[in-house]
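The structure appears right after this line, and notes come after that.
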Amino acid sequence: MRKIQKISILPCISLAVFITLTVGVLLKAKFIQQFDNFGQQLIQHYDHKHNWFFTAITSIGNVSWSAIILITFSLWLIYHHFYRETLFIGFNVIVFAGLSNQIVKNIITRPRPTPHLVPASGFSFPSGHAMVSVLLYGSLIIILHRHLKSNWQRRVASCLLLGLIILIPISRVYVNVHYPSDILAGMAIAYTMLYISQQLFFNNKGVPDDSLK
């Protein structure tokens with residue numbers, strides 16, 4: 001019981017971070033500007049040798065690429081009769097990362113920073129790419145951990161997916177289509193959403209008998 005209580009504190013902290021950043025953006029608080037300036041100075045060291053890498057990474061979080069990954073993996077899950085997992089990842093990406101992100105963006109209406117290294121439209125807060133990276137690739141981590149038998153396969157999959165969860169949000173600051181506060185807010189609320197959906201869809205956390213071979 002104590003372990004469960006400790007783990008459940010993290011989503012609460014993430015939610016508190018999101019609320020704090022949201023209020024700060026709405027009130028145009030000084031700490032938001034200071035945080036954004038620090039993050040931009042830390043990440044935006046432009047070099048033509050690195051531009052191609054970050055523009056390629058940021059494209060992985062685009063709607064078209066995310067849709068391809070979602071559809072492909074969902075079909076694979078359906079083929080293996082993992083219907084609960086299919087609903088889990090679909091709900092996270094479509095409802096949480098897609099619908100809720102647009103609702104919040106249109107409430108906050110924060111303009112994006114300029115100029116951009118890649119085309120971008122719409123409002124800035126919170127980052128949709130940051131939310132997609134956590135909710136899509138985070139969902140994949142949870143699903144693969146439930147069904148992969150081998151520990152080394154779980155570790156390799158987790159490392160690769162965690163790399164995308166970290167790099168995609170960073171790339172959005174690098175290409176200057178989001179402020180660092182947009183990124184942190186998106187990742188924070190997405191983590192809380194991922195935790196909630198995991199509790200809703202998977203009551204037991206054990207690995208089921210129909211593990212992938």
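Not measured: the values here are computed from a predicted model.
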Legend entry - Point-to-point distance, once rounded to the nearest 0.5 Å, from CG of Leu70 to CG of Leu140: 9.0 Å
Inset, instruction - Using a 4.5 Å cut-off on heavy atoms from C-beta on, say whether the side chain of Tyr191 contacts that of Leu135. - result: no
Legend entry - hydrophobic_cluster_shared for Val118 and Trp52, side chain cutoff 4.5 Å: yes
Inset, instruction - Measure the shortest side-chain to side-chain distance between Arg84 and Phe202 over non-hydrogen atoms and say whether it is less than 4.5 angstrom. - result: yes
Legend entry - Cluster check Ile141, Phe91: I/L/V/M/F/W/Y, side chain < 4.5 angstrom: yes
Legend entry - Student check: side-chain heavy atoms of Ile57 and Ile60 closer than 4.5 Å: yes
Inset, instruction - List the atom of Ser139, the atom of Leu194, and the distance in Å for their closest heavy-atom pair. - result: OG-CD1, 3.6 Å
Legend entry - ILVMFWY network linking Leu160 to Phe54, side-chain heavy atoms under 4.5 angstrom: no
Legend entry - Heavy atoms of other groups near Gln102 CD, more than 12 under 6.0 Å: yes
Inset, instruction - Output, in order, the C-alpha distance, side-chain angles, deciding distance and verdict of side chain to side chain contact (heavy atoms under 4.5 Å, CB included) for Tyr179 and Ile183. - result: CA-CA 7 Å; Tyr179 296 102; Ile183 299 301; over 6 Å; no
Legend entry - Note, Phe201 side chain near Leu87 side chain (heavy atom, < 4.5 Å): yes
Inset, instruction - Return yes when atom CZ of Phe38 has more than 12 non-hydrogen atoms of other residues, nucleotides or ligands closer than 6.0 Å, and no otherwise. - result: no
Inset, instruction - Give the cluster check for Phe53 versus Val177: same hydrophobic cluster or not, with ILVMFWY residues linked at side-chain heavy-atom distances below 4.5 Å. - result: yes
Inset, instruction - Taking all non-hydrogen atoms of both residues into account, name the closest pair between Tyr195 and Pro11 and its distance. - result: CG-CG, 3.2 Å
Legend entry - For Met131 against Pro126, the heavy-atom pair lying closest together: SD-CG, 4.0 Å
Inset, instruction - Enter the distance from Ser8:OG to Ile196:CD1 here, rounded to the nearest 0.5 Å. - result: 11.5 Å
Inset, instruction - Please determine if Arg112 forms a cation-pi arrangement with Phe123, meaning its NZ or CZ atom is less than 6.0 Å from the six-membered ring centre and no more than 45° off the ring axis. - result: no
Legend entry - Separation between OG of Ser127 and CG of Asn101, rounded to the nearest 0.5 Å: 7.5 Å
Inset, instruction - May I ask you to check whether Trp76 and Tyr79 place their ring centers less than 6.0 Å from one another? - result: no
Legend entry - Spacing of Ser197 atom OG and Phe96 atom CZ [to the nearest 0.5 Å]: 6.0 Å
Legend entry - Sidechain N-carboxylate O distance under 4.0 Å for Lys30, Asp36: no
Legend entry - From OG (Ser14) to CE (Met193), nearest 0.5 Å: 11.5 Å
Legend entry - Minimum heavy-atom distance Asn176-His116, with the two atoms named: O-CD2, 3.1 Å
Legend entry - Any side-chain donor near an acceptor of the partner, Glu85 and His147, under 3.5 Å: yes
Legend entry - Test item: Ile143 and Ile89 side chains (from C-beta on) under 4.5 Å apart, heavy atoms: yes
Legend entry - Test side chain to side chain contact (heavy atoms under 4.5 Å, CB included) applied to Val104 and Ile107, step by step: CA-CA 5 Å; Val104 176; Ile107 292 174; 5.6 Å; no
Legend entry - Closest approach of Pro169 to Ser133 (non-hydrogen atoms, all atoms of both residues): CG-OG, 3.6 Å
Inset, instruction - Starting at CG of Asp182, measure out to NE2 of His129 and round the result to the nearest 0.5 Å. - result: 12.5 Å
Legend entry - Single-linkage hydrophobic cluster, 4.5 Å side-chain cutoff, Leu167 and Leu162 together: yes
Inset, instruction - Could you check Asn51 against Tyr174 for side chain to side chain contact (heavy atoms under 4.5 Å, CB included), going step by step and ending with a plain yes or no? - result: CA-CA 9 Å; Asn51 286 357; Tyr174 183 91; 2.6 Å; yes
Legend entry - Shortest non-hydrogen separation from Arg110 to Ser181 and the atoms involved: NH1-OG, 2.7 Å
Legend entry - Step-by-step side chain to side chain contact (heavy atoms under 4.5 Å, CB included) determination, Leu144 to Leu161: CA-CA 11 Å; Leu144 293 176; Leu161 294 170; 4.2 Å; yes
